[in-house]
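What's counted below: heavy atoms across the whole structure, side chains too, no hydrogens, waters or symmetry copies. First the proteins, then the strands, lettered A, B, ... as listed; each starts at 1.
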Amino acid sequence: MRLRWLLVGALVAMPAVASAQKAKTIDELAQMFDSSRCKSCHAEIYAQWEKSHHARPMMGVAGGLKDTPLAMKGATPFSPDDPSKATIATFPCFKCHLPQAVTHAEDSVAVEYAQALIAKDKAKIGKLQITCLVCHNEKAIVHRLSDGKPQPGVLYSSKEVASHPDKVFKSVKKSGIFKQSLMCGQCHGLGPNLEFENPVQCATLYGSYLHAYIPAGGTQTCQECHMKPINGQADHLIAPNWDDVPGVSKILQEALSLDVQTLGYEWLEKAKTHVPKVVVNTKINSTAGHRVPDG
Amino acid sequence: MTAKTADGKEIGKQSRHYHPQATNEKSSKMLYGAQVKTAYLRDTSIQPYRTKEETFEFVLPEGVRSAEVTVNLFYEISSPALIAEIHKVTRTVTLDR
């Protein structure tokens, strides 16, 4: 009896993604993209990811439930009359904050999400994450016509691993974009998103990278700056983490220089009228790969 | 940026805000919120490889010959209550030579 239960449990806990059937509940969607198994072998990367914004894309800053207005009647152009009328389309935010919902979830998931927002059910909303599988499978291929869609049971990364010891993902294929900014640019925004019934504009950072950093002669990728290897492996914290204020200060201190020049003098405004003045000249320079701040 | 007299009285305070600013394009009001923002109408953010230069001037009150100037560069994360300090520079500036 015990063995049987274990077996059933194991089957349910083995998502291969790219399934034809769509998730009907938040739990089903979370299960489909569940990456908790990766922890046993990739402990360090997993621990970094867990603290990252990608692990909490629906409540990124200070646990705030940012999509709440979209579940409240009249609060946004997208809000349904009642949470029970929510659909995937009434949450255009999913495009980047939870792309697997667009491809793998029924409208019932949006209803459950809208209701959870109103109920402030953070435990439930916390299950919605940009997991390992979202990047290493779902969003791993951009040239879908030339390279084909991501396959079930296959992971993608910057190099090939012919025999990957995971039970379900038995191989890792090379994705041509994993070391490129385009990988991140998929979700980090170009400008207004005009494909929706009403415009949506959130992150536009990839646009800034393409149109300000590259023209200025910048050559580094998002990964080179944000995923510098720790113990030989790409850092999956992908800082800044806004909930770690001292950490944010440190990154900003390194990226932004401030030069201050001061002068005290008496300006001759007109004959016999000296105006005592203090003049402060400041110069700020940035080594970031895009505007600071974004959005 | 603040300028204070030797005994700590504030002479003046000036600030600059560096960030992209968006509207819904139907009015000239700047708006917050991804669900309504449609285009930038002004962008004062710090650009890669471009120096952001400012000049601040304070006129000293009668009889005041020196001031303590503090330049404070900080990042407002989500509200004025949540701030990451970046650089703070304090200088005493005097007219006397």
Proximity breakdown for [X] and chain B, heavy-atom pairs closer than 4.5 Å:
X: A:Val61; result: side chain
X: A:Thr287; result: neither
X: A:Pro92; result: neither
X: A:Ala288; result: backbone
X: A:Asp294; result: both
X: A:Tyr265; result: backbone
X: A:Val275; result: side chain
X: A:Ile251; result: neither

Problem - Residue among B:Arg91, B:His19, B:Gln47 with most heavy-atom pairs under 4.5 Å to chain A - result: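 Among B:Arg91, B:His19, B:Gln47, the one with the most close pairs to chain A is B:Arg91.
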Measuring heavy-atom distances to chain A, does [X] have an atom under 4.5 Å in its side chain, in its backbone, in both, or in neither?
X: B:Ile77; answer: side chain
X: B:Ser78; answer: side chain
X: B:Phe74; answer: neither
X: B:Asp43; answer: side chain
X: B:Leu82; answer: side chain
X: B:Val59; answer: both
X: B:Arg97; answer: side chain

Problem - Leading residue by heavy atom contact count with chain B [cutoff under 4.5 Å; candidates A:Gly295, A:Pro240, A:Pro192] - result: A:Gly295
Practice task
Select, from A:Val245, A:Leu263, A:Val278, the one with the greatest count of heavy-atom pairs under 4.5 Å involving chain B.
Solution key: A:Val278
Exercise for the section: Please check if any side-chain donor atom of B:Tyr75 sits under 3.5 Å from a side-chain acceptor atom of A:Ser249, or the reverse. Expected result: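 Note: B:Tyr75 and A:Ser249 side chains miss the donor-acceptor criterion.
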Exercise for the section: Check step by step if side-chain hydrogen bond (donor to acceptor under 3.5 Å, both in side chains) holds for A:Thr204 and B:Tyr40. Expected result: CA-CA 10 Å; A:Thr204 58; B:Tyr40 292 139; 2.6 Å; yes
Handout entry: Test log, rule salt bridge (Lys or Arg N to Asp or Glu O under 4.0 Å), inputs B:Arg65 and A:Glu266
Key = CA-CA 10 Å; B:Arg65 306 274 310 161; A:Glu266 285 148 280; 3.1 Å; yes
